[in-house]
> 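Sharing a structure below in structure tokens format, with a few things to ask.
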Amino acid sequence: MKFIKLFSLSILLLFLSKMTAQEFKLGKVSVAELEQKVHPKDTSAVAAILYKKGETRIEYDVKDGFVTLTDVETRIKIYKKEGYNFANQGVWYYNMIDLPEKVIFTDAVTYNLVGGKIEKTKLKSEGSFDENVDKFRALKKITMPNVKEGSVIEFRYTIKSPTDRLIRKWDFQTSIPVNYSEFITYIPEYYVFNTKQKGYIFPKITSERNSRTVTLTNKERTVVAGTQDTRTQYASEKFDYIETKTRYLAIDFPAIKEEAYVNNIDNYVSGIQHELSMTTNFRGEKKMYSTDWNSVVKTIYNYDDFGPELNKTGYFEDDLNALLAGVNTADEKIIVILNYVKSRVKWNEYLGYSCDNGVKKAYKEKTGNIADINLMLTAMLRYAGLTANPVLVSTRSNGISIFPNRTAFNYVIAAVETPNGNVLLDASDKFSTPNVLPLRVLNWYGRLIRKDGSSEEVDLMPKKSSNDVVFMSYSIDPEGKITGKTRRQCTDYNAMITRKNINGFKEEEYLEKLENSNNKIEISDYSRTDEKELLLPTMETYSFTGNNLCDVIGGKIYVNPMLFFTNEKNPFKQDVREYPVDFGFPFTDKYNITLQIPEGFTAEVLPAPAIINMEDNLGSFKFNIAPVGNSLQIIIQHQINEAIVSTEKYEMLKEYYKNMIAKQTEKIVLKRI
């Protein structure tokens with residue numbers, strides 16, 4: 001028996017050894033890969049990464065010193081038409097005068113099986129192009145040719161970077177399965193990088209140390225004694241150093257699946273990130289880099305296109321003095337200045353914490369990026385005598401940084417310190433108000449920087465509940481036609497969302513969308529108030545009719561009391577939740593409903609009252625229904641008190657939603673008397 005166990009173990013180890021040591025080569029696509037119809041471990045996959053390997057080397061160049069070279073080769077299988085977008089690939093690179101990176105695609109081929117034979121279609125020059133992302137970065141893109149269901153595509157790219165201080169992040173997961181992913185770094189002993197893994201599954205890591213030699217050549221010119229001739233002398237010096245090779249290997253990593261209420265799925269993708277913390281030159285001199293948030297933000301504050309922009313005031317002083325005449329309180333000043341900047345300067349859709357045009361030019365030309373606008377806002381608030389400071393932010397799309405680094409941020413807002421806490425402001429969004437920021441900004445924490453270089457963490461997530469209050473009354477005729485009226489009031493973030501939904505649409509277009517999203521009701525007598533009074537709630541009022549809002553079966557009427565406001569599907573279906581639930585902001589939904597019972601009918605079945613409370617005051621649901629004369633009075637409240645719910649509370653939240661939806665979808669049954 002022991003022999004059999006040992007034999008089985010040796011076979012298993014041999015299998016794993018072959019699996020981790022398997023060789024992939026571009027150009028060696030097999031018939032079996034092309035014949036494969038579905039992914040063997042995920043039949044729903046539209047595509048899969050069969051193989052991806054990357055190597056990043058910090059190598060010495062006699063001309064430029066240490067530089068960084070990254071080589072990546074990839075093989076992707078396309079299973080379904082929905083996977084065609086994986087034939088479009090893009091690699092970003094820095095495109096600045098002082099950091100001119102280059103990306104070169106090679107060996108890009110599409111393989112198809114035609115008549116039992118492998119057909120190759122190479123990428124032509126017109127399938128590769130560059131696209132600017134912002135003033136710092138560009139994108140090298142390719143579109144693979146002749147892609148069909150069943151195709152396999154391959155490509156290789158090289159990133160040449162003149163800096164020795166950046167190692168690109170590497171993700172082992174994506175939205176499709178990854179059969180094999182390998183990333184190798186070669187780092188000389190002169191560099192110390194902090195490495196952090198993210199995600200919920202991790203690659204296997206191995207490392208080894210190898211000896212390397214670099215030869216430095218010095219050139220010196222001297223004048224020959226007694227002549228005017230010069231002589232060039234060359235001297236070479238060899239340095240031996242140790243290079244660390246680190247290998248990260250991931251095999252059969254599943255696709256990362258989108259789930260409801262996830263702020264940015266990339267935050268939870270398995271991956272590895274590097275941040276330079278120290279360098280040592282050949283003479284043994286050490287240089288430390290930003291190792292904590294205070295030093296990071298102090299460095300940013302001293303950038304020419306950041307801190308100095310806050311000191312410029314001459315361009316707006318006359319205008320602002322006139323605007324603030326008679327304005328005395330801090331709250332009034334905040335509102336006046338915020339609204340002025342919003343109306344004066346339009347956002348050009350570019351992010352960044354560094355100014356593009358500079359505050360003065362942005363003010364004059366009435367357009368600018370996020371930094372132009374919000375650093376201008378901060379400068380004006382300071383000029384008005386308020387304690388205002390910039391707050392560095394990473395947007396939801398940019399993700400959450402897992403260690404201190406200057407590239408963690410891509411946005412800046414303003415904060416005014418008051419006795420009651422910070423008032424957060426963003427003048428780039430026409431619908432924002434104090435402490436009601438654009439949803440893109442609500443990404444856990446930002447970093448406030450003061451003039452003296454000190455900083456502190458700022459919680460960006462709202463604590464105040466945003467309300468959605470509905471008053472609805474309706475009647476039902478014996479044939480099941482429903483006629484009613486609705487008044488809906490929204491505050492704070494719910495009001496911002498409502499204003500964004502209304503903005504840019506003619507009233508008839510907006511009402512058509514509203515009708516279609518609410519079970520094809522017909523709306524009349526529509527009105528709204530305080531649409532442009534941003535500090536007030538929004539209010540919408542309308543009458544409606546609907547012929548498919550209830551069921552008439554056997555002379556009985558079956559109706560959901562909330563009609564088209566009913567939540568019918570639980571957004572939380574997974575047995576296990578790997579990511580926090582991000583609602584964006586706390587909220588309270590209230591419904592006060594009056595149902596007029598048709599003449600000749602009475603209530604046969606009424607849902608029972610219910611109260612559902614979650615632990616730790618996470619949220620609650622209340623449902624009450626009571627007959628009042630020939631009508632039913634229904635009061636419903638659904639409240640979530642935390643913007644972000646941890647995975648530890650997921651099971652409780654899932655059960656809460658299950659019970660809440662079950663109660664909301666219970667029918668009222670009306671029968672003839």
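Only heavy atoms go into these numbers, but all of them, side chains included; no hydrogens, no water, no symmetry mates.
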> Enumerate the salt bridge (Lys or Arg N to Asp or Glu O under 4.0 Å) contacts for residues 316-326, please, sequence neighbours excluded, ordered by first and then second residue.
none
> Between Q633 and N592, does a side chain to side chain donor-acceptor pair (under 3.5 Å) hold up when you go through it step by step?
CA-CA 8 Å; Q633 190 68 37; N592 194 320; 2.7 Å; yes
> Which word best sums up how the rings of F621 and Y656 line up, parallel for under 30°, tilted for 30 to 60°, or perpendicular for over 60°?
perpendicular
> In terms of relative ring orientation, are Y353 and Y303 parallel, tilted or perpendicular, with 30° and 60° separating the classes?
parallel
> Who passes salt bridge (charged side-chain N to carboxylate O under 4.0 Å, His left out) against E651, sequence neighbours left out?
none
> Taking the side chain from R396 and the backbone from L442, do they hold a donor-acceptor pair closer than 3.5 Å?
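Side chain of R396 to backbone of L442: a pair is present.
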> Are the charged groups of R450 and E456 less than 4.0 angstrom apart, N to O?
yes
> Are the ring centres of H638 and F587 closer than 6.0 Å?
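Aromatic pair counts; centres sit under 6.0 Å.
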> Using side chain to side chain donor-acceptor pair (under 3.5 Å) as the criterion, point out the one residue from T395, D426, N443 that pairs with Y411.
D426
> Is there side-chain contact between M614 and K649, with heavy atoms separated by less than 4.5 Å?
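The answer is no, as the side chains (C-beta and beyond) never meet within the 4.5 Å cut-off.
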> Got a donor-acceptor contact below 3.5 angstrom from the N410 side chain to the G352 backbone?
no
> Which side-chain N or O atoms in residues 330-343 pair as donor and acceptor under 3.5 Å with protein atoms at least two apart or in another chain?
unit_1	atom_1	unit_2	atom_2	d
E332	OE1	N328	N	3.4
E332	OE1	T329	N	3.3
E332	OE1	T329	OG1	3.1
K333	NZ	A384	O	3.0
N339	ND2	I335	O	3.4
Y340	OH	Y363	OH	2.5
K342	NZ	K430	O	3.3
K342	NZ	S432	O	2.7
S343	OG	N339	O	3.1
S343	OG	Y340	O	2.9

> Using ring pair (Phe, Tyr, Trp, His ring centres under 6.0 Å) as the criterion, list what pairs up with Y93, not counting sequence neighbours.
none
> Ignoring hydrogens and angles, state whether a donor on the side chain of E648 or S646 is under 3.5 Å from an acceptor on the partner side chain.
yes
> Taking the side chain as every heavy atom from C-beta outward, state whether R137 and N95 have any pair of such atoms under 4.5 Å apart.
no
> If the condition is ring pair (Phe, Tyr, Trp, His ring centres under 6.0 Å), which residues does Y268 pass it with, not counting sequence neighbours?
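Ring pair (Phe, Tyr, Trp, His ring centres under 6.0 Å) list for Y268, sorted by chain: Y579.
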> Carefully, step by step, assess D452 and S454 under the rule side chain to side chain donor-acceptor pair (under 3.5 Å).
CA-CA 6 Å; D452 61 5; S454 64; 2.6 Å; yes
> Kindly indicate, with the supporting measurements, whether the criterion side chain to side chain donor-acceptor pair (under 3.5 Å) is fulfilled by T566 and Q664.
CA-CA 6 Å; T566 305; Q664 284 192 14; 5.3 Å; no
> Are N659 and E655 packed together at the side-chain level, in the sense that at least one heavy-atom pair is separated by less than 4.5 angstrom?
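Yes, side chains in contact.
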> Stepwise, does the salt bridge (charged side-chain N to carboxylate O under 4.0 Å, His left out) test hold for K198 with D171?
CA-CA 9 Å; K198 63 186 182 78; D171 287 335; 3.6 Å; yes
> Taking salt bridge (Lys or Arg N to Asp or Glu O under 4.0 Å) as the cut-off, I'd like each qualifying pair that reaches into residues 503-529, sequence neighbours left out, listed once.
R528-E531
> So, N519 side chain and I521 main chain: donor-acceptor pair closer than 3.5 Å or not?
no
> Of the options L437, I640, L439, D492, which is the one that meets F585 in a side-chain contact (heavy atoms from CB on, under 4.5 Å)?
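Only match with F585 under side-chain contact (heavy atoms from CB on, under 4.5 Å): L439.
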> Test M472 against every option in L563, T594, I634 by the side-chain contact (heavy atoms from CB on, under 4.5 Å) rule and name the one that passes.
L563
> For D429, is there an ion pair with R499 - N to carboxylate O distance below 4.0 angstrom?
no
> For a quick check under 3.5 Å, do Q273 and E275 share a side-chain donor-acceptor pair by atom type?
no
> Just by modelled atom types, is the F572 backbone N or O under 3.5 Å from a matching donor or acceptor in the N570 side chain?
yes
> Can you confirm whether the side chains of S295 and D292 place a donor and an acceptor under 3.5 Å from each other?
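Side-chain D/A pair, S295 to D292: present.
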> Is there a side-chain contact between V470 and E540 in this structure, where contact means two heavy atoms from C-beta onward sitting under 4.5 Å apart?
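A side-chain contact is absent here, since even the closest heavy-atom pair is not under 4.5 Å.
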